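The block underneath contains the structure these notes are about, expressed in structure tokens.
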Amino acid sequence: MDEIRLSIAGMSCAGCVKAVEDALAAVPGVTSAMVNLGERTALVQGEGIEAQTLIEAVRKGGYDAAELRGLDDESEKEQRELAEYRQLWWRAIVAGGVGLVLFLGALLDLFPPLDQARLLWLGISGVTLAVLVFVGGHFFRGAWASLKAGRGNMDTLVALGTGTAWLYSTIVLLWPELVPAQARHAYFDAAVIIIALVSLGSALESKARGKTSLAIKRLIGLQPSTALIIRNGKEMEVPVAEIGLDETIKVRPGDRIPVDGEVFDGESHVDESMLTGEPMPVLKRKGDTVFGGTLNAEGSFLMRATRIGRDTALAHIIESVRQAQASKPAIGRLVDKVAAVFVPVVVSIAIIAFVVWYRFGPPPQISYAVVVAMTVLVIACPCALGLATPISIMVGVGRAAEMGILIRNGEALQRTGQLDTIVLDKTGTLTEGRPAVTAQVPVEGVQEDELLALAAALESGSEHPLARAVRGAAAARKLELPAVEGFEAVAGFGVRGTLDGARLLLGKAAFLADHGIDTAELEARGQALAAQGQTAIYLARDARPLGLLGVADPVRGDSAEAVARFKALGLKVIMLTGDNQRTAEAVGAEVGVDEVIAEVLPQDKQDKIAALQAGGRVVAMVGDGINDAPALARADVGIAMGSGTDVAIESADIALMRHSLMGVADAIALSRATLRNIWQNLFGAFVYNSLGIPVAAGVLYPAFGLLLNPVIAAAAMSMSSVTVVSNALRLRHARLDA
């Protein structure tokens, strides 16, 4: 599947988005085309597709496009957007200056009547036409392109509104006999002021929109431009793009790591907060993996490059965030359908209003009819409607990425905001996923270190997870281990061996009993540990028990706090595990889940999820993304916990760069905040148009004698899109306490 990213120029509203998507979708081989109005980009997927073919399709639709391939292209796109922003200000200033002169002249009666200074007014008409052509010409070009394609957009409305104002005024000036005497009024000032206000609104919107992609810009900025490598025994600084696989890279204190790799000499603490959201630096030693874009702290080390270019974790994350920001949830697709008919409906309303005012309005009917139609066209704002959803998605997904949360698409974000049940795997999710020695109970006369050292020595020949836990505990205490001979493992029971001629046994109580060893004095403590979800393993030398060790998969330090947050979010919390009932209930009680479902085989977990869904629940499954894959796929939202590169390529709906359930709570809270923000934007856009268009059409005139000025309508239209973007930007600092 090929994937091509394009920069799109000339889009102004949701109608433009639909037009570009349709143009791209019509290209042979294209399977998916997602256009982002907020970022002005398109992400196209398909087989055998070529960038130039896609660009030509976009241009035929009346827009322009360029391929985005790397950082240089991104930089060029930013420069073009900056140039456009400056041009919008220039347009606003020029049109505003001309409009202000005309407006003040009319207000202060500085201009003589039309019929007394026709030459002066012809000059004003010419100046106004020049403003429309040279300052507002892009509106007319966009309207013409959309008309040829059989559709409408914001350019259509602005061009019709300002063009009508200028044409009517010029007709009044050149052929006054065609218009009743009382209707001979010029609207040249309104035409240029509308151009000025719309340009000003677009400039402010462009400035605000630039802030919505800060997350992507920060991620891109993490990768250094050069790296210090060692070739043929010599150190040299080269561009990151020239680093090859297996190259030796020297990372100095304060350097950003250029690519993914493995440490093979030296050690240091590395700040991975921009990838994982974890503030504490991580110690990296020989054999540890480091990721491009992370910041080296005080140490220096040598690393071997294992992933470069688009294969690094950072590159995968950037691509994942871009895809999510470009995608549309169900609510966004609904808005697209509304936007597709929005402009034709507005034009129809303007025509109906014109006819009604011309037939039934007070004199001068033609003047009122023109003003009302012009005001309806100008006040309608498909731009705010088109920005309402994608701008919130961009900010929400971007903030999530900064917190180490990768949300795959807008659909997943919408579903996450609607969750009412969360199902948690136990091992590796609520717990550390690595067994550890949690208790040591020696008999009288035996020291704890002696008990642990003998057990670890006996387990030296075993690769069982419990054996690794025992050896790890001994290593942590730096205990010296004696050499055990004749090691033998008895599957399902324990291990045995010989030390200085004495027989050592380690395993279940039944294993020792089979060898004639009485463990009665330790049974009470063993049962107490089992009730707490720990596994008790007994150690004996010859016929005498030496004590027991409690081994368990420790509960993560923040699991209980995360479960409390889930409950505060109104979620039902269920633990679903294949572990035995007693251990599962002990862990469940410790962290505070609502329900424990234990002794479930991995292949049966999805059936439990399906049963919850059949009961009307909207379910999220949280697991490691491997053993729980069927359940993750079955859930409404699958959330994979992990770290590093693996999580960057995970297929779950949401992937966490840090191994903490607090990230899951953050993802849910942020998704809900984003959904609220989208609804606020849509409510504002719909209410604005629902109230603004009727008022512009003159519904208040019969009762209150109130008729909206086209200039005020233009100002309201411009500010509506700025308001939508500003509201979305609040997500960058929204509180996620619950």
Side-chain angles (χ1 to χ4, degrees), residues 12-13 15 91-92 95-96 98-100 102-103 106-107 128 131-132 135-136 139-140 143 152-169 185-205 342-354 356-358 361 366-387 684-702 704-724:
S12 59
C13 66
R91 289 170 178 166
V98 174
L100 186 63
L102 296 178
F103 175 75
L107 183 68
T128 306
V131 171
L132 294 183
V135 179
F139 293 120
F140 293 87
N153 56 21
M154 191 183 79
D155 292 340
T156 307
L157 301 179
V158 174
L160 284 174
T162 56
T164 299
W166 180 86
L167 185 61
Y168 176 79
S169 302
H185 183 76
Y187 297 99
F188 294 121
D189 56 340
V192 291
I193 290 176
I194 288 170
I195 294 292
L197 290 173
V198 174
S199 298
L200 175 61
S202 297
L204 296 175
E205 176 203 319
F342 184 84
V343 172
V345 168
V346 170
V347 173
S348 299
I349 292 173
I351 293 172
I352 293 171
F354 179 90
V356 170
W357 277 88
Y358 187 72
I366 184 65
S367 184
Y368 277 112
V370 168
V371 170
V372 166
M374 180 169 54
T375 307
V376 169
L377 291 169
V378 168
I379 200 170
C381 189
C383 186
L385 195 61
L387 284 170
F686 276 112
V687 167
Y688 166 82
N689 284 299
S690 298
L691 296 178
I693 293 175
V695 170
V699 295
L700 298 180
Y701 187 84
F704 304 101
L706 180 62
L707 201 58
L708 197 61
N709 188 302
V711 172
I712 296 175
M717 186 271 276
S718 298
M719 291 303 104
S720 63
S721 56
V722 176
T723 301
V724 164

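All values below were derived from every heavy atom in this structure, side-chain atoms included, with hydrogens, water molecules and symmetry-related copies excluded. As the structure is a prediction and not an experimental result, all values here were calculated from the model.
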*For the pair Phe354 and Val370, evaluate side chain to side chain contact (heavy atoms under 4.5 Å, CB included) and give the outcome as yes or no after the intermediate values.*
CA-CA 6 Å; Phe354 179 90; Val370 168; 3.9 Å; yes

Interatomic spacing from [atom1] in [X] to [atom2] in [Y] - rounded to 0.5 Å:
X	Y	atom1	atom2	value
Ile366	Trp357	CD1	CH2	13.0 Å
Leu377	Ile693	CG	CD1	9.5 Å
Ser202	Leu197	OG	CG	10.5 Å
Asp189	Ile194	CG	CD1	9.0 Å

*So, Thr128 versus Tyr187: side-chain donor-acceptor pair below 3.5 Å or not?*
no

*Considering the options Val376, Leu700, Ile379, Leu707, which one meets the side-chain contact (heavy atoms from CB on, under 4.5 Å) requirement together with Val695?*
Leu700

*Kindly check if the number of other-residue, nucleotide or ligand heavy atoms within 6.0 Å of OH (Tyr358) is above 12?*
no

_Atom CZ of Phe140 with >12 non-hydrogen neighbours under 6.0 angstrom_ = yes

_I'd like to check Pro710 versus Val378 (side-chain heavy atoms, cut-off strictly below 4.5 Å). Are they in contact?_
no

How close do [X] and [Y] get, heavy atom to heavy atom, and via which atoms?
X	Y	result
Val372	Ala696	CG1-O, 3.6 Å
Gly96	Ala196	N-CB, 3.3 Å
Ala713	Thr375	CB-CG2, 3.6 Å
Trp166	Ala191	N-CB, 4.5 Å
Leu204	Met719	CD1-CE, 3.8 Å
Ala190	Val711	CA-CG2, 4.0 Å

*side chain to side chain contact (heavy atoms under 4.5 Å, CB included) between Phe342 and Asn689: does it pass, once the steps are laid out?*
CA-CA 10 Å; Phe342 184 84; Asn689 284 299; 3.6 Å; yes

*Could you go through the side chain to side chain contact (heavy atoms under 4.5 Å, CB included) check for Thr162 and Phe139 one step at a time?*
CA-CA 10 Å; Thr162 56; Phe139 293 120; over 6 Å; no

